[in-house]
Amino acid sequence: MKRAQSEVVGLLVIVVILIFMGVIYLGFANLAGNGSLSSQRAGMETENALNALVRVNLEEYDGKTVQDLVVECANRIDCDTLGYALNEVYGAILRPGTDFSFWAKMEEEEIYSVGVCSIGVVSSYVFVRDGNYYELRLRLCNE
Amino acid sequence: MIKNRRSQVHVSETILVLFVVIVILMLGVVVYFKFSVEKNKDLAEELSEEQATIMLAKAVGLQELSCDGTGCIDTAKFLPFKRVLGEDFDMYRRIFGRKKITITEIYPVPHDSAIDVECDVIKYIQMEYPENCGKWTIYDYNPENELGAKISTIVSLYYPEFDEYRVGRLEIEHYGDIRR
């Protein structure tokens, strides 16, 4: 009888080990998430947000575009308007809790920057106006 | 007599062990089956989300909606697209599947009276257009009235009637799996 008992205990140990391995397998199988999908969407959101920004006609600013305001800023006419326009547009179109950083360069020289975003996908847009080369960069991040 | 008892004990031991093993195996099969069903359901949802994300990326480039490959959506194409959709719905059902695709204007911020108001032919021909509506449902197929998950992205909207660009949000609501 004692031998039979030890056999049952041995069987139980094997069963417990199998269950333990099964639980570990299920745990690992559940870990695989869809992180790459959400990062793809974050990249798309940044690219589209910059693309929409550079085209939009700003009603409050005589129908000018952000490109016009960047050129005015580069010509030392007015940079404040660009800042107000960026805050107005992104305040309306970004999801609550999303911050942004924006940089504008003319011929590799930074002419304007705003925002505190340090981690996130960066998108850039290039245009030429009056023979000068401008580059705009946008980064979106969640608070 | 003693030998007979011993063998009886052995037989009952074997039966007990077999019973325990069978119960454990059955439990294992049931748990595994439940887990794989759950996993397949998750996989179907993941595939549906992946398909919707690809569609979200491709929608801006769709010839039926885009403004000649310049990365924006031509709002003047919405109404003709809806008409074509009605004429050949089966073809578009094969392309889009069970989804709802809407575009909402978000900048300039629409008037309170226009928020969530669907744009249609009647709204389009009014003088107040585009201030009299703020939303286009360009495709909707949900035969089983399921609850869906939504994904969205910002899009540039072009109004050729006024040569004006605005900003909108393209939203795709997808339903559970990738059945068409």
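Per chain, numbering begins at 1; letters A, B, ... match sequence-line order.
The minimum heavy-atom distance between Arg169(B) and Ile93(A), with the atom names listed, is NH2-O, 3.4 Å. Residues Ser152(B) and Arg95(A) share a closest heavy-atom pair of OG-NH2, 2.7 Å.
Within 6.0 Å of the OH atom in Tyr84(A), the count of heavy atoms belonging to other residues, nucleotides or ligands does not exceed 12. Counting heavy atoms of neighbouring residues, nucleotides and ligands inside a 6.0 Å radius, atom CD1 of Ile77(A) exceeds 12 of them. Atom CD of Glu47(A) is surrounded by 12 or fewer heavy atoms from other residues, nucleotides or ligands within 6.0 Å. When the shell of 6.0 Å around CD1 of Ile122(B) is examined, it contains 12 or fewer heavy atoms from other residues, nucleotides or ligands. Around the CG atom of Leu147(B), the shell of radius 6.0 Å holds no more than 12 heavy atoms that belong to other residues, nucleotides or ligands. Heavy atoms from other residues, nucleotides or ligands lying under 6.0 Å from CG of Asp88(B) number more than 12. Around the OH atom of Tyr32(B), the shell of radius 6.0 Å holds no more than 12 heavy atoms that belong to other residues, nucleotides or ligands.
Atom CD1 of Ile19(A) and atom CG of Leu27(B) lie 8.0 Å apart (nearest 0.5 Å). Taken from CD1 in Ile24(B) to CG in Leu12(A), the straight-line distance is 7.0 Å, to the nearest 0.5 Å. Atom CD in Glu49(B) sits 4.5 Å away from atom CZ in Arg41(A) (nearest 0.5 Å). Remark: Asn51(A) CG to Ile154(B) CD1 distance equals 10.5 Å, nearest 0.5 Å.
At a heavy-atom separation below 4.5 angstrom, chain B is approached by Ala52(A), Arg55(A), Val56(A), Asn57(A), Leu58(A), Glu59(A) within residues 52-76 of chain A.
In terms of hydrophobic clustering, with Ile, Leu, Val, Met, Phe, Trp and Tyr side chains grouped at heavy-atom distances under 4.5 Å, Leu50(A) and Val60(B) are assigned to different clusters. Criterion: ILVMFWY side-chain heavy atoms under 4.5 Å apart, direct or through other members. Under it, Val84(B) and Ile73(B) are part of a common hydrophobic cluster.
Put simply, of Thr153(B), Leu157(B), Ile106(B), the one with the most heavy-atom pairs under 4.5 Å next to chain A is Thr153(B). With chain A as the partner, the residue from Leu16(B), Leu56(B), Val17(B) showing the most heavy-atom pairs under 4.5 Å is Leu56(B).
Only the side chain of Ile151(B) comes within contact range of chain A, judged by heavy atoms closer than 4.5 Å.
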